[in-house]
Number of protein chains: 2
Amino acid sequence: MTDKKIIPMSDDIATPARRPLTLRDVSEASGVSEMTVSRVLRNRGDVSVATREKVLKAAKTLGYVPNKIAGALASSRVNLVAVIIPSMSNMVFPEVMTGISEVLDDTPLQPVVGVTNYLPEKEEEVLFEMLSWRPSGVIIAGLEHSDASRAMLQAAGVPVVEIMDVDGEPIDAVVGISHRRAGREMARAIVKSGYQNIGFLGTKMPLDHRARKRFEGFTEALAKEGIEVMDQEFYSGGSALAKGREMTEAMLKRSEDLDFLYYSNDMIGAGGLLYCLDAGINVPSDLGLAGFNGVELLDGLPRKLATMDSGRKEIGREAARIIAGRTDGSITESGQRIELTPKLEPGETLRRYR
Amino acid sequence: MTDKKIIPMSDDIATPARRPLTLRDVSEASGVSEMTVSRVLRNRGDVSVATREKVLKAAKTLGYVPNKIAGALASSRVNLVAVIIPSMSNMVFPEVMTGISEVLDDTPLQPVVGVTNYLPEKEEEVLFEMLSWRPSGVIIAGLEHSDASRAMLQAAGVPVVEIMDVDGEPIDAVVGISHRRAGREMARAIVKSGYQNIGFLGTKMPLDHRARKRFEGFTEALAKEGIEVMDQEFYSGGSALAKGREMTEAMLKRSEDLDFLYYSNDMIGAGGLLYCLDAGINVPSDLGLAGFNGVELLDGLPRKLATMDSGRKEIGREAARIIAGRTDGSITESGQRIELTPKLEPGETLRRYR
DNA sequence: CATGGCTGTGTTATCGCTAACCTCTCCGAT
DNA sequence: ATCGGAGAGGTTAGCGATAACACAGCCATG
């Protein structure tokens, strides 16, 4: 170091100096090389106790915060995991996140979230953005992606775990449940309980493939029993709880014979349930109800809504485990497939058959 | 380039080659310098239309994804905004996020979220982690931080916006509401409506400073009217809706004279409301109820719960605006302070005075 | 006492990109 | 004809860290 840069000093004496600190500052303050500081700060390689302490003290006094940008570039190790989900305000994805965080907390990896709002173009954008940070892995909701997205994921050269859904062709690994099966099983349970005139209420989301698959499985299983969905309605926007209430009222008014309502998610199901209780409808003997997801919220309802747990937290955990294992080398294979089994929770809005 | 690296070729012919693409690959493919490619990809500087198109085509064919790590290091511009919040599963923070995203979507900035679980140590950790990516700004919930955290934020040399709360000493900018005032106003509204025997139900969270401040403001305003909180209870964990239900039942059983219950959030308030309706309690004439936050969920309840809107989305928007403005230079001052006014929403669980 | 293998530390060369500066051409204004 | 300046593109030198290697002591071994 022969040349000293001219540093614009802060005019405020108390403020340390506006130039961001680097390894060099710490190295100069502690009288060792940058390399040694780096080793101390990363706990790597042999450094004598004396040196280590000297360095740590200097770093702390200066308030040094390592620059991961530089570190990542030099080591081509970026301990980030891109997590790409359709929505945050959905109750289900925060839970997936919780599962992911739980597992990643014990690793050097850190999740970074991107939200697509169920839009393929937005997904592409977010994915591109994320990949440009060269993450160690990608966890992405769903199996349906644009060609460009698939290409990017293929080319990224990092583990990719598609989550939530297993009905389709994964790019690499996949963790989820079969929504088609979930729909089928619910249909069977409903029929077994003796209901015949079934209505369906869902979200108006051509792009929510999982909801669509559940619906398909549902109608398919009903068809096997010779039953057809009697009435259906789809909503978009607004408070799901309120929508469930309104739609239920509307549907019951126009299709009086209905004896069962299947909701594509618990929130509108809860709204429907509240409406029925208000309206004095006899649940589940005159009218059965069921939702989907198994959200915690249901526990506080006056009557527990029948639902099917989608195991979101567990999905998050498993996905994170795969990424973590593949990153630290403890898993070498790729393409793992974990299908969880959605569990029917009959609650108190489904007649007990027999 | 005289030396060619030995690249381990993928054994799969279809897969392009495992070595990550760089600017050089694009530059070679299009016959211009790396610098020109960089200019094209960033839309900066003068590049002829012909060249631009050549480069773009090459980039697309190769499937090139720029490396932001390198870009950020070279330009010392990192278009990330660190957003640090206590929890994700709280309904209120996702909304704040929505507000932030709305504004940042029109800028080159991107939010990155860190979650602290209301733990100061975790906050410190997350903050350190985030700052080591050298973000362009920090949005952080609350005004209470450890000394170390404050020091880091001071030293970071980037705009910092503390959000949600304005009751305290900000580090730099602040956007939020006064929770103390929210508590006071609710207390006044309750008393004005003629209620006298007031119970409080909240979260057992010594570290949720905003809930604490609301409670303080609440009791303080009551005290001015010569009223004291008659009974109180705090919970932690579990489904808030269910807890609200249970706690309400318990409290009403042990303190029969109660004529009003103030809940520290809408979710437990909703649980309480559902319990009361079930139990046949006359709301609001015999018992008044109120929550806090103004969550959308309430719209679907059988009776609209009185609450106070905390303007979460707007808080997110304003915070993001400050960061964006300070980053692009359109705002040069620092230390801005935006206090939003919480709006009382009387709903249908508060007697109309007069 | 030479050889070898640790420890602990420094040196050098990137990582992939961009800032800053530089060159060259072309064109209109003087 | 000369000059200024804009347009198009290249060259060079980092950004702040780490990988990989080099090297100096030091101890044990035969």
Side-chain angles (χ1 to χ4, degrees), chain A residues 1-7 19-55 58-59 62 64-79 108 131-135 157, chain B residues 1-5 7 19-55 58-59 62 64-79 108 131-136 157:
Chain A
M1 277 298 86
T2 51
D3 63 325
K4 273 255 182 262
K5 288 186 204 123
I6 296 152
I7 302 155
R19 186 178 48 100
L21 293 166
T22 72
L23 264 195
R24 156 151 298 131
D25 297 292
V26 182
S27 101
E28 277 167 5
S30 52
V32 299
S33 72
E34 297 176 44
M35 198 57 234
T36 302
V37 176
S38 169
R39 284 197 265 255
V40 170
L41 264 28
R42 286 178 301 148
N43 271 311
R44 211 167 299 265
D46 303 302
V47 181
S48 72
V49 181
T51 312
R52 169 181 311 281
E53 282 175 357
K54 205 165 48 178
V55 170
L62 292 175
Y64 173 69
V65 177
N67 185 330
K68 289 215 178 177
I69 305 262
L73 182 60
S75 64
S76 48
R77 253 191 297 264
V78 185
N79 289 328
L131 288 181
S132 72
W133 289 102
R134 302 285 188 272
Chain B
M1 276 298 88
T2 51
D3 63 326
K4 273 253 182 265
K5 288 185 204 124
I7 303 155
R19 186 177 49 99
L21 294 166
T22 71
L23 265 194
R24 154 151 297 130
D25 296 292
V26 182
S27 102
E28 277 167 5
S30 51
V32 299
S33 73
E34 296 178 45
M35 198 57 233
T36 302
V37 177
S38 169
R39 285 198 262 254
V40 170
L41 264 28
R42 286 178 301 146
N43 270 311
R44 211 167 297 265
D46 302 303
V47 182
S48 71
V49 180
T51 310
R52 169 181 311 280
E53 281 175 358
K54 204 165 48 179
V55 169
L62 292 175
Y64 172 70
V65 177
N67 186 329
K68 287 214 180 177
I69 304 263
L73 183 59
S75 64
S76 47
R77 253 192 296 264
V78 185
N79 289 328
L131 288 181
S132 73
W133 288 102
R134 301 287 188 272
S136 301

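Remember, predicted model here, so these are calculated numbers, not experimental data. Quick note on labels: first sequence line is chain A, next is B, and so on, each numbered from 1.
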Rounded interatomic separation in angstrom, taking [atom1] from [X] and [atom2] from [N]:
{"X": "B:L23", "N": "C:dC15", "atom1": "CG", "atom2": "P", "result": "13 Å"}
{"X": "B:E34", "N": "C:dT18", "atom1": "CD", "atom2": "P", "result": "10 Å"}
{"X": "A:M35", "N": "D:dA19", "atom1": "CE", "atom2": "P", "result": "7 Å"}
{"X": "B:N43", "N": "C:dT18", "atom1": "CG", "atom2": "P", "result": "12 Å"}
{"X": "B:K68", "N": "C:dT18", "atom1": "NZ", "atom2": "C1'", "result": "14 Å"}
{"X": "B:E28", "N": "D:dG10", "atom1": "CD", "atom2": "P", "result": "13 Å"}
{"X": "B:R52", "N": "D:dA8", "atom1": "CZ", "atom2": "P", "result": "10 Å"}
{"X": "B:R134", "N": "C:dC17", "atom1": "CZ", "atom2": "P", "result": "21 Å"}

For the residue pair [X] and [Y], what are the closest heavy atoms and their distance?
{"X": "B:V37", "Y": "B:S27", "value": "CG2-CA, 3.6 Å"}
{"X": "A:P66", "Y": "B:S132", "value": "O-CB, 3.1 Å"}
{"X": "A:L21", "Y": "A:L62", "value": "CD1-O, 3.2 Å"}
{"X": "B:D25", "Y": "B:P20", "value": "OD2-O, 4.1 Å"}

Would you indicate which nucleotide in [options] comes nearest to any side-chain atom of [X]?
{"X": "A:D46", "options": "D:dT11, C:dT7, D:dA17", "result": "C:dT7"}
{"X": "A:S48", "options": "D:dA19, C:dG8, C:dA19", "result": "C:dG8"}
{"X": "A:R39", "options": "D:dC21, C:dA20, C:dC15", "result": "D:dC21"}
{"X": "B:T22", "options": "D:dG9, C:dG16, D:dA19", "result": "C:dG16"}

Would you please confirm or rule out a distance under 4.0 Å between OP1 or OP2 of [N] and any side-chain N or O of [X]?
{"X": "B:S38", "N": "C:dT18", "result": "yes"}
{"X": "A:R42", "N": "D:dA19", "result": "yes"}
{"X": "A:Y64", "N": "D:dA17", "result": "yes"}
{"X": "B:T36", "N": "D:dG10", "result": "yes"}
{"X": "B:S33", "N": "D:dG10", "result": "yes"}
{"X": "B:R77", "N": "C:dT18", "result": "no"}
{"X": "A:T51", "N": "C:dT9", "result": "yes"}

* Asked: Considering only heavy atoms from C-beta outward, does the side chain of B:W133 approach that of A:V65 to under 4.5 Å?
  ->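 No, too far: nothing below the 4.5 Å cut-off.
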* **Any B:R39 side-chain heavy atom under 4.5 Å of B:D46 side chain** => no
* 5′-ward residue of the pair A:G31/B:R44 relative to DNA chain C ->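 The answer here is A:G31.
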* Asked: DNA chain C: A:G45 or A:L73, which has the more 5' nearest nucleotide?
  ->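 That would be A:G45.
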* To do: Would you mind telling me which residue lines up with the more 5' stretch of DNA chain D, A:V37 or B:A70, judged by nearest nucleotide?
  =>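 This one resolves to B:A70.
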* Could you check whether A:S75 gets within reach of a base, just the sugar-phosphate, or nothing at all, counting any heavy atom under 4.0 Å? => sugar-phosphate
